[in-house]
Amino acid sequence: MTTSEDVRASAERIAGRVRRTPILRDGSALFKLEYLQHTGSFKARGMLNRILAAAQRGELPTAGIVAASGGNAGLAAAYAAREAGVPAEVYVPVTAPPVKVAKLGKLGARVVQIGDEYAEAYAAAIVQAEATGALFCHAYDDPDMVAGNGSAGLELLDEGGFDTVLVAVGGGGLAAGVAAALHGHARVVAVEPRTCASLAAALAAGEPVDVPVSGVAADSLGARRIGTLPFEVAVRTRMASVLVDDQAIVDARRRLWEDYRIVVEHGAATAQAALTSGAYVPAAGERVVVLLCGANTNPADLA
């Protein structure tokens, strides 16, 4: 189980290698601008911690790392591997956005596109890691990944002035890390697309279950099943899940651009959609931070 102590240890490990991302305060609006992180998403935190922790334990092979991703975790894996001086091989579905695939190549990773969903890329990556002896880096269901992601929550805690954090959820690695970091200080509310609601389904079933995956945010939030570790953290911290539809996500993304000139991917806009659609209504006086987690998107449709 990932705890606040694990998160603090990860923050010390990755210090100087990740950006301390700012908070935008505009009246009642509070945004944690994590899309300004290296590689354009929070996942650089978790992936760096995963690889550096493995190196400290003597578990980082010369064969390097293998990761599966809808795009953002792969970018983070390629970046972290380059920082550590080891090769990276990244498996992504054929539906991964071209902007993310192109960036992977620029970061020096070998890219393999296979399957229509993250789950298919994941299965192929597992086989490759076993065959080559490379370190498999799970995109979200790994204690080092979760703890590293939680360092964003510690930065929020240092700033203060909030009660609740809205976090978009796919596999759950970010929400779990932030919830672990903030446990006892603030609450985390998960926001999921109705078309790929892995946490909501797990909470209803009492355990992680497979869900169908589709919709505008599926490239980054399209995990077929919530991670076991993120689910455990969600239950322990009493995390709630609210659902938003695709149109609300599209509208929230456009409004972030029109009102703040913030360009994020649909997955990141999912958190903001909870507020703009009314899926989450803050209580009187409640101070809510929206964590904007990724910006690896094509901005052409925002003009």
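The analysis underlying the following values was restricted to heavy atoms, covering all of them including side chains, and did not include hydrogens, waters or symmetry mates.
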Can we say Lys32 and Glu155 salt-bridge, meaning some charged N sits less than 4.0 Å from an Asp/Glu carboxylate O?
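Salt bridge: yes.
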Notebook entry, point to check: Is the closest basic N to carboxylate O distance between Arg225 and Asp210 below 4.0 Å?
Noted result: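 Looking at Arg225 and Asp210, the cut-off is met.
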Testing the basics here: between [X] and [Y], what is the closest heavy-atom pair and its distance to 0.1 Å?
| X | Y | answer |
| --- | --- | --- |
| Leu275 | Tyr280 | CD2-O, 3.7 Å |
| Thr132 | Ala63 | O-CB, 3.7 Å |
| Ala125 | Val66 | O-CG1, 3.5 Å |
| Cys196 | Ser214 | SG-O, 3.8 Å |
| Arg236 | Thr2 | NH2-O, 2.7 Å |
| Ala248 | Ser277 | CB-CB, 3.8 Å |

If you round to the nearest 0.5 Å, how far is [atom2] of [Y] from [atom1] of [X]?
| X | Y | atom1 | atom2 | answer |
| --- | --- | --- | --- | --- |
| Ile23 | Arg20 | CD1 | CZ | 8.0 Å |
| His185 | Phe162 | NE2 | CZ | 9.0 Å |
| Met47 | Asp142 | CE | CG | 8.5 Å |
| Ser151 | Gln37 | OG | CD | 7.5 Å |
| Arg224 | Ser198 | CZ | OG | 12.0 Å |
| Asp158 | Leu156 | CG | CG | 9.0 Å |

Tell me whether [X] shares a hydrophobic cluster with [Y], the cluster being built from Ile, Leu, Val, Met, Phe, Trp, Tyr side chains joined at under 4.5 Å.
| X | Y | value |
| --- | --- | --- |
| Leu256 | Leu302 | no |
| Val290 | Val242 | yes |
| Leu107 | Ile51 | no |
| Tyr140 | Leu291 | no |
| Leu243 | Val189 | no |

With side chains defined as the heavy atoms from C-beta onward, is the minimum distance between [X] and [Y] less than 4.5 Å?
| X | Y | answer |
| --- | --- | --- |
| Ile65 | Leu60 | yes |
| Leu229 | Pro143 | yes |
| Val264 | Thr297 | no |
| Thr164 | Glu286 | yes |
| Val92 | Val112 | no |
| Val191 | Val244 | yes |
| Leu36 | Pro22 | yes |

- Heavy-atom neighbours of Arg255 CZ exceed 12 at 6.0 Å: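 No.
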Practice prompt. Step through the shown structure and confirm whether more than 12 heavy atoms of other residues, nucleotides or ligands are within 6.0 Å of CZ on Arg57.
Written response: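 Buried by this count: over 12 neighbours within 6.0 Å.
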**Test applied, side chain to side chain donor-acceptor pair (under 3.5 Å); reference residue, Arg253; option that passes from Asp301, Thr276, Thr270** =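 So the option named by the test is Asp301.
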Verify, without hydrogens or angle tests, whether [X] (side chain) and [Y] (backbone) share a donor-acceptor contact under 3.5 angstrom.
| X | Y | result |
| --- | --- | --- |
| Asp163 | Arg287 | yes |
| Trp257 | Ile262 | no |
| Asn72 | Ser41 | no |
| Glu83 | Tyr79 | no |
| Glu265 | Asn296 | yes |
| Ser69 | Gly74 | yes |
| Glu192 | Leu199 | yes |
| Asp6 | Thr3 | yes |
| Asp144 | Asn49 | no |
| Asn149 | Gly173 | yes |

Query raised in the report: Checking side chain to side chain contact (heavy atoms under 4.5 Å, CB included) against Phe42, which of Leu292, Leu174, Thr21 comes through?
Result: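 Looking at Leu292, Leu174, Thr21, the match for Phe42 under the side chain to side chain contact (heavy atoms under 4.5 Å, CB included) is Leu174.
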inquiry  = Set out, in order, the CA-CA distance, both residues' side-chain angles and the distance that settles side chain to side chain contact (heavy atoms under 4.5 Å, CB included) for Leu75 and Lys43, then state yes or no.
reply    = CA-CA 8 Å; Leu75 292 170; Lys43 286 185 179 286; over 6 Å; no
*For the pair Tyr260 and Phe31, name the ring-plane relationship: parallel under 30°, tilted 30 to 60°, perpendicular over 60°.*
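Perpendicular, since the angle between the ring planes exceeds 60°.
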request  = Decide side chain to side chain contact (heavy atoms under 4.5 Å, CB included) for Lys103 and Thr39; before the verdict, give the C-alpha distance in whole Å, the side-chain angles of both, and the deciding distance to 0.1 Å.
outcome  = CA-CA 9 Å; Lys103 274 190 170 185; Thr39 72; over 6 Å; no
Using ring-ring contact (aromatic ring centres under 6.0 Å, His included), reason through Tyr122 and Phe136 one step at a time and then give a plain yes or no.
CA-CA 10 Å; Tyr122 171 84; Phe136 180 71; 5.5 Å; yes
Pair Arg45, Glu34 - check side chain to side chain contact (heavy atoms under 4.5 Å, CB included), show working.
CA-CA 10 Å; Arg45 297 177 184 270; Glu34 190 59 18; 2.6 Å; yes
Residue pair Glu117, Glu120: steps toward the side chain to side chain contact (heavy atoms under 4.5 Å, CB included) verdict | CA-CA 6 Å; Glu117 296 180 13; Glu120 294 169 276; 3.9 Å; yes
